[in-house]
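See structure below.
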Number of protein chains: 2
Amino acid sequence: MKKASDHVAELMDSFEKVCKSKGLRITHQRTEIFRMLIQNPNHPTTEDIFNQVRKHLSTISLDTVYRTIGTFEEYGLIRKVHHIDNATRFDHNLSIHHHLVCTQCGKIEDFYWPYFDRMKPPKSISRWGEIDLKHVVIDGICSSCSKKDI
Amino acid sequence: MKKASDHVAELMDSFEKVCKSKGLRITHQRTEIFRMLIQNPNHPTTEDIFNQVRKHLSTISLDTVYRTIGTFEEYGLIRKVHHIDNATRFDHNLSIHHHLVCTQCGKIEDFYWPYFDRMKPPKSISRWGEIDLKHVVIDGICSSCSKKDI
DNA sequence: CTATGTGCAAAGTCTTTGCTCCATC
DNA sequence: GATGGAGCAAAGACTTTGCACATAG
């Protein structure tokens, strides 16, 4: 059986390969931030990352974390937990519905999916306490943006 | 056939009823903000709401919009478009997965749902351009928070 | 009339940016 | 060595809050 530490080592290797192949310098800061991310399953905030990494790398600054995270996202090494943009948006449509989000222009459209609404969530989440609401977010490029792309 | 304006009038009526039943004062600001919300299907930001409402109510201030929106959400009149909290969170898990979000403590857990992943989105969204990713968010109360509730 | 709600201004978060020095390649 | 990255500090975006006045009930 494989140890968890082997898995971390593997991911760190592939991190270095990605950096080399894309011409990204491998700095202490980047290495530690990436290591922290793969060891932390809790979807940390930037502040969380900063506080964790600071334990090993006391000189790191918060803006380096922001920049590094931005770089990682740009290079496809991590993803933001779904979230439209910085401003909260509101919805007066209280009936059960779902969202189409254009990753280019940020437009959000509602759609309905009654078949999905009737589905039971998978058994694997029975460990979770109570369920209020299940909601689908579909990311993509809306029709007007995909016309512009040509 | 019903006109759209009838529908708006109906919703405004029920808005007033809700306010009265819950002891919320019906002010110009609240009325105009609510009217704007039901006439705008675009999931506006607070700033959008402010700019729209200002056309009719030139003295309104941005912080009133924030407060009013907060009140509406608290009284169940509108909802925030799904979004965890103010800080962006990151995810190094790039495999296809979904999120359980505890609305009480904010914890986010990953889960897998291969049956859903194989499903085609509903036909109604064929108007949309391209689809990248479909993602389920389940809101609820996690097991440790629901134990505390008792 | 009374208490809730508004406007104003100021402060609090979270995030981004310009510049200089440092470390990786 | 050259150049991309880190650290610092300041500014920018979004949101919240304390206080005095206005207004709905």
Review point. With ring centroids as reference points, do B:His97 and B:His135 lie under 6.0 angstrom apart?
Key: no
Study note, to complete from the structure: Taken to the nearest whole Å, CD/B:Glu47 to C1'/D:dA13 is 9 Å
Point to revise | Set of side-chain contact (heavy atoms from CB on, under 4.5 Å) partners for A:Ile26, sequence neighbours left out | key: A:Glu16, A:Cys19, A:Lys20, A:Thr31
Check your understanding: Does the side chain of A:Thr64 pick up a donor-acceptor pair with the side chain of A:Ser61 at under 3.5 Å?
Key -> yes
Exercise for review: Can you sort out which residues in residues 20-38 of chain B have a heavy atom within less than 4.0 Å of DNA chain D? Ascending by number, please.
Suggested key: B:Arg25, B:Ile26
Practice item. Nearest 0.5 Å please: distance from the CE atom of B:Met36 over to the CZ atom of B:Arg54. Key: 12.5 Å
Revision key, fill the gap. Sorted by number, residues from residues 63-70 of chain A placing a heavy atom under 4.0 Å from DNA chain C are A:Asp63, A:Tyr66, A:Arg67
Review point. Which residues satisfy the salt bridge (charged side-chain N to carboxylate O under 4.0 Å, His left out) test with A:Arg30, sequence neighbours excluded?
Key: none
Exercise for review: Output yes when a side-chain donor or acceptor of B:Arg79 lies under 3.5 Å from a complementary backbone atom of A:Asp91, and no otherwise.
Suggested key: no
Check your understanding: Using 4.0 Å as the upper bound for N to carboxylate O, is an ion pair formed by A:Lys17 and A:Asp13?
Key -> no
Check your understanding: Can you check whether A:Tyr75 and A:Phe15 have ring centres sitting under 6.0 Å from each other?
Key -> no
Study note, to complete from the structure: In whole angstroms, the gap separating P of D:dT16 from CD of B:Glu73 amounts to 10 Å
Practice item. Remember a base hit wins even if backbone is also touched, and classify B:Thr59 as base, sugar-phosphate or nothing at under 4.0 Å, heavy atoms. Key: sugar-phosphate
Review point. Side-chain contact, heavy-atom cut-off 4.5 Å: A:Glu32 with A:Thr27?
Key: no
Check your understanding: Nearest 0.5 Å, what's the CD1-CD1 distance between B:Ile138 and B:Ile108?
Key -> 13.5 Å
Point to revise | Bend angle of the helix from C:dC1-D:dG25 to C:dC25-D:dG1, end axes from five pairs each (to 10°) | key: 40°
Practice item. Calculate the interatomic distance between B:Glu74 atom CD and D:dT16 atom P; express it in whole Å. Key: 12 Å
Practice item. Return the residues of residues 49-57 of chain A meeting this criterion: a heavy atom under 4.0 Å from some atom of DNA chain D. Order them by number, or give none. Key: none
Review point. Given A:His98, which of A:Tyr115, A:Tyr112, A:Phe116 fulfils the ring-ring contact (aromatic ring centres under 6.0 Å, His included) condition?
Key: A:Phe116
Exercise for review: Calculate the interatomic distance between A:Leu62 atom CG and D:dA11 atom P; express it in whole Å.
Suggested key: 18 Å
